[in-house]
Student: 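One structure, pasted below without further comment.
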Amino acid sequence: MFARAEIIREVPYDPYLYFDQEEITYAARLYTHGWDVFSARRPLLYHYYNTGGRDAARPLHWQDLRKENEQKIRFLKERGLKRFNHLTGFRATDDLEAIKELERYGFGKARTLEQFEQYSGVDFKRKVASEKALRGLFIK
């Protein structure tokens with residue numbers, strides 16, 4: 001992600017999400033706060049994501065954490081998923097840990113989540129990615 005530094009002040013990273021929820025949620029939050037979200041048609045750079053196997057170049061974060069506490073990983077995943085589902089309207093929760101500080105880490109008022117869904121082709125409530133999303137047709 002490349003942006004001016006004020007992006008972090010205006011739309012702070014949500015510390016209550018976990019590994020597989022934060023990127024799409026941050027894109028939607030940025031969009032609803034009025035930031036335009038773009039993607040290049042060709043990769044400009046990438047990060048090396050190894051599988052963490054025996055020949056891995058580096059340990060992955062959950063390997064270190066797993067050594068410490070499998071229960072903590074489960075808590076982080078479950079809390080993050082509840083929060084993601086609550087934010088996106090898929091399934092509301094009353095779990096106070098999952099909905100903590102939503103006023104700070106929620107969606108903005110410049111655009112709606114529905115507008116982001118139309119833009120991206122992702123339907124959060126039905127958990128469906130359209131052809132537009134799957135083929136990256138929203139990329140100009």
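Owing to the predicted nature of the structure, the values given are computational and were not obtained by experimental measurement.
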Student: Taking the side chain as every heavy atom from C-beta outward, state whether T32 and K109 have any pair of such atoms under 4.5 Å apart.
Tutor: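 A side-chain contact is absent here, since even the closest heavy-atom pair is not under 4.5 Å.
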Student: With sequence neighbours excluded, what pairs up with A129 under the side chain to side chain contact (heavy atoms under 4.5 Å, CB included) test?
Tutor: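 Applying side chain to side chain contact (heavy atoms under 4.5 Å, CB included) to A129 gives A133, L134.
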Student: Under the 4.5 Å side-chain heavy-atom rule for ILVMFWY, direct or indirect, which residues accompany F90?
Tutor: none
Student: Looking at T112, is its backbone amide N or carbonyl O close enough to the side chain of Q115 to form a donor-acceptor pair, meaning the two atoms are under 3.5 Å apart?
Tutor: yes
Student: side-chain hydrogen bond (donor to acceptor under 3.5 Å, both in side chains) with D95: which residues, sequence neighbours excluded?
Tutor: K82
Student: Write down the atom of T93, the atom of A98, and the distance for their closest heavy-atom approach.
Tutor: CG2-CB, 4.1 Å
Student: Go through the structure and list residues passing salt bridge (charged side-chain N to carboxylate O under 4.0 Å, His left out) with D36, not counting sequence neighbours.
Tutor: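 R111.
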Student: What pair of heavy atoms forms the shortest contact from Q21 to L81, and how long is it?
Tutor: NE2-N, 3.3 Å
Student: Among residues at least two apart in sequence or on other chains, which ones pass side chain to side chain contact (heavy atoms under 4.5 Å, CB included) with E101?
Tutor: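 For E101, the residues satisfying side chain to side chain contact (heavy atoms under 4.5 Å, CB included) (neighbours in sequence not counted) are Y16, E103, R104, Y105.
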Student: For F2, what are the other residues in its hydrophobic cluster, where any two members join if their side-chain heavy atoms are less than 4.5 angstrom apart?
Tutor: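 Cluster partners of F2: L45.
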Student: Report yes or no: does K132 contribute a side-chain atom to a donor-acceptor pair with the main-chain N or O of Q118 at less than 3.5 Å?
Tutor: yes
Student: With sequence neighbours left out, what residues match R74 under salt bridge (charged side-chain N to carboxylate O under 4.0 Å, His left out)?
Tutor: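 Partners of R74 under the salt bridge (charged side-chain N to carboxylate O under 4.0 Å, His left out) test: none.
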Student: Which residues pass the salt bridge (charged side-chain N to carboxylate O under 4.0 Å, His left out) test with K125, sequence neighbours left out?
Tutor: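 So K125 forms a salt bridge (charged side-chain N to carboxylate O under 4.0 Å, His left out) with E114, E117.
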Student: Enter the distance from L17:CG to R83:CZ here, rounded to the nearest 0.5 Å.
Tutor: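 Reported to 0.5 Å precision, the distance equals 6.0 Å.
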Student: Could you check whether atom CD of Q71 has more than 12 heavy atoms from other residues, nucleotides or ligands sitting under 6.0 Å from it?
Tutor: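 It does not: Q71 CD has 12 such atoms or fewer within range.
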Student: Taking side chain to side chain contact (heavy atoms under 4.5 Å, CB included) as the test, write out the residues that go with R126, two or more places apart.
Tutor: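 In terms of side chain to side chain contact (heavy atoms under 4.5 Å, CB included), with neighbours along the sequence ignored, R126 is linked to D123, V128.
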Student: So if you build clusters from Ile, Leu, Val, Met, Phe, Trp, Tyr with side-chain heavy-atom gaps below 4.5 Å, do F107 and L102 land together?
Tutor: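 Yes; tracing contacts between hydrophobic side chains, which count when under 4.5 Å, links both residues.
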Student: Are the side chain of Y119 and the backbone N or O of V37 linked by a donor-acceptor pair below 3.5 Å?
Tutor: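 Looks like yes, one N/O pair under 3.5 Å.
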Student: If the condition is side-chain hydrogen bond (donor to acceptor under 3.5 Å, both in side chains), which residues does K100 pass it with, not counting sequence neighbours?
Tutor: E97
Student: Residues in side chain to side chain contact (heavy atoms under 4.5 Å, CB included) with V11, at least two apart?
Tutor: Y26, R29, L30, H33, W35
Student: Could you give the distance from CD1 (I24) to OG1 (T88), rounded to the nearest 0.5 Å?
Tutor: 10.0 Å
Student: With a cut-off of 6.0 Å (strictly less than), are more than 12 heavy atoms of other residues, nucleotides or ligands near CD of E23?
Tutor: no
Student: Return the orientation label for the F84 and F124 ring planes: parallel under 30°, perpendicular over 60°, tilted otherwise.
Tutor: perpendicular
Student: For a quick test of reading the model, state the closest non-hydrogen atom pair linking L87 to G106 and the distance between them.
Tutor: CD2-CA, 4.1 Å
Student: Holding to side-chain hydrogen bond (donor to acceptor under 3.5 Å, both in side chains), I want the full list of residues that pass it with K127, two or more places apart in sequence or in another chain.
Tutor: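 Residues passing side-chain hydrogen bond (donor to acceptor under 3.5 Å, both in side chains) with K127: N85.
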